[in-house]
Amino acid sequence: MSGITKQPLSVLLQRRLVLLIAGVGITILIMSIVLAIALANNAASTRTASNKPSHSTNAKTVVTGQGSWHTDGSQILDANNQPVRITGINWSGFETSTYSPHGLSSRNYKAMLDQIKSLGYNTLRLPYSNQLFNPGSIPNGIDFSINPDLQGLTGLQIMDKIIGYASQIGLHVILDQHRPSASAQSALWYTAAYPESRWISDWQMLANRYKNNPMVIGADLHNEPNTPACWGCGNPKLDWRLAAERAGNAILAVNPNWLIFVEGVNCYQPGTPCYWWGGNLQGVARYPVQLNVAHRLVYSVHDYTPDVQDQPWFHASNYPDNLPVLWDSYWGYIYKQGIAPVLVGEFGTTLQTNKDKQWLASLVNYLGTGAGGINWTYWGWSPDSVDTGGILNSDWTTVNQARQASLTPIMFPLGVKVSVVEPTTTGNKPTPTSPSAKTPTPLSHGHGALQVYYKVGNPGAVSANQVMPQLELFNTGSASINLSDVTIRYWYTLDRQQAESYWCDYAVVGCNNITSKFVSLPAQRAQANAYLEISFLNGAGILGPGNNTGQMQIRFNKNDWSNFNQADDYSYDGSLTTFAPKTKVTVYYKGILVWGSEPA
Ligand code: CA
């Protein structure tokens, strides 16, 4: 197709112009389906150290999803660095002239939120308009006899109530500036009536208002930017990437813990095909969004079926097999290359035609299962979105089972208990011994021989706020050894003294069988003034001849998350992206150097 893929305004209006069903006669099912997702708790993989407790064992049990979230490559992590995944739903209404979520003329808001939770969603994406915060914007479309505690409240106060109860029951919240004015979408993030300064000040107000509630995880800066918005063109009035940096940094200045969700545009460069509004992130490869706080950026797109707009790719001879390649090219590459996490912030369909069904099945498959999958929030909850419908049927109570069943396999439960190794922080304590540079001593006969293989866990990040050595220990000798007799040292220059934290993300021998300590050297050596010493507990067992431990994915950070310069780190090698023997990572058997060379 030539030119621009552009949804006609009428379509867009339709999609968001929701018909308020003033359903008076509908009896509310107050009995919300609070069938607890107990399987979440049952599925918890609690790895408890089975060996006798060592003085340095720091296993603790945490609940996934807790605290503020941050990013690491294409993964979102919680405050305990546990992988989390947004699998949520949009609840529209605040962005419209009802100035409140839709359905409250039929249902109690807590019953609705309980139902969302019970269906397995873990996050709510809440669209709003800037007009919501005007004094003249009076919430309406609410039956106060069934929502008595919302009576007399402003839109913002109703938002407090929705967020408050969602937080209480374990639903996280993403706020979405859906449009400046309640009456229509806007291609740009501002209009004459709602200038950029208002867009930013409203965001800062919200970031400040909810900064003490970690269940509110972030800001979707503007919904579906499109032509004349551009990406990378450099015009501050039109370059959405630059605007996203301005707003994102303004938000992070108020609340550095929020995730910043940046949608795409529709058209990237002249002459190249355009895509859904907000769905084209091809510009990220050359013009990435750069925020002042690291590990806060999440890219976001929207993707739909012909329910919203027919598109050329729905007519490809190889449909639906053409879809994954299409998604890769417009946004999936960001996830696949580990550039940043991606949120498919809106997708939805009436699921009426075969094309719809093939599309949804393909997308669900593409999003993947488990913690490592792509984040998503389905559009939407309400049945009054005329182009897509919702998870709720038009009675605002029963569930569209076909749509719900399609999403169930890719839900990700939060609130699961997991066992993790607690960080070992030793500050700047001097090492008890005063090691001098040694050369390896061959293991005495019968003890086998040890080698360590290394690769870098965050290639390309010479300056990084985490050091991520990935290690494998090989026994190339002829006898078995007890791993508890082995220690490994990773040597580096701590550029600025700071307490540090250690994490084990994954280990074949079990993270609960690995422990570590930070040791500062009494005197600077070549490319090292510290090392991380990794040791094994009895539960790690025996390493037989010819065997190896498998991967140990280790990382550590300064507690203020300031960067390490890894260029001067003795053990670091940013070019080693596959495992290779590494003599600058040293190995000790019963305290004796048996592999590698210590720094001079
Ligand atoms: Ca360094």
Side-chain angles (χ1 to χ4, degrees), residues 70-73 77 81 256 290-296 338 421 423-438 452-473 487-505 514-535 551-588 593 595-600:
H70 62 280
T71 71
D72 184 12
L77 302 174
N81 283 322
Q290 294 179 310
L291 298 174
N292 292 339
V293 180
H295 300 278
R296 296 296 179 274
V421 175
T424 308
T425 52
T426 58
N428 303 325
K429 270 186 254 169
T431 176
T433 58
S434 169
S436 55
K438 294 180 232 169
V452 74
Y453 279 50
Y454 159 95
K455 72 173 184 177
V456 63
N458 49 351
V462 175
S463 177
N465 62 9
Q466 297 189 86
V467 176
M468 303 179 71
Q470 304 198 351
L471 306 171
E472 291 180 331
L473 183 70
T487 55
I488 302 172
R489 290 181 188 174
Y490 181 92
W491 302 80
Y492 61 104
T493 302
L494 182 60
D495 314 292
R496 190 170 58 79
Q497 291 295 333
Q498 240 293 326
E500 297 162 275
S501 295
Y502 151 87
W503 310 89
C504 172
D505 287 323
I514 300 176
T515 185
S516 79
K517 66 177 176 183
F518 293 102
V519 178
S520 296
L521 300 178
Q524 173 77 40
R525 296 195 192 185
Q527 295 192 295
N529 60 13
Y531 59 82
L532 177 74
E533 183 172 89
I534 297 156
S535 50
Q551 289 196 35
M552 296 176 278
Q553 297 181 5
I554 306 296
R555 64 194 158 89
F556 57 95
N557 60 271
K558 299 180 196 174
N559 289 355
D560 66 356
W561 290 97
S562 62
N563 274 3
F564 294 88
N565 168 25
Q566 300 191 85
D568 62 357
D569 291 357
Y570 180 75
S571 293
Y572 174 76
D573 187 343
S575 68
L576 274 184
T577 55
T578 55
F579 279 105
K582 187 82 163 87
T583 56
K584 289 183 170 181
V585 177
T586 50
V587 180
Y588 306 79
L593 179 68
W595 166 259
S597 312
E598 291 185 353

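Just follow the structure's listing: the first ligand is 1, and inside any ligand the first atom is 1. Heavy-atom basis, side chains included; hydrogens, waters and symmetry copies ignored.
Between His70 and His295, the ring planes lie perpendicular to each other; the angle is over 60°, past the 30° to 60° tilted range. Below 30°, between 30° and 60°, or above 60°: for Phe556 and Tyr492 the angle between ring planes is between 30° and 60°, a tilted geometry.
In this structure, Lys558 forms a cation-pi arrangement with Phe564, its terminal cationic atom sitting closer than 6.0 Å to the ring centre and no more than 45° off the ring axis.
A donor atom on one side chain and an acceptor atom on the other are found under 3.5 Å apart for Ser501 and Asn559.
Annotation: angle subtended at the Ca ion (ligand 1) by Thr493 O and Asp568 OD1 is 130°, to 10°.
For Tyr492, every N, O or S atom stays at 3.0 Å or more from the Ca ion (ligand 1).
Checked against the Ca ion (ligand 1), the N, O or S atom of Asp495 at the shortest distance is OD1. Taking the Ca ion (ligand 1) as reference, Asp569 places its N/O/S atom OD1 nearest.
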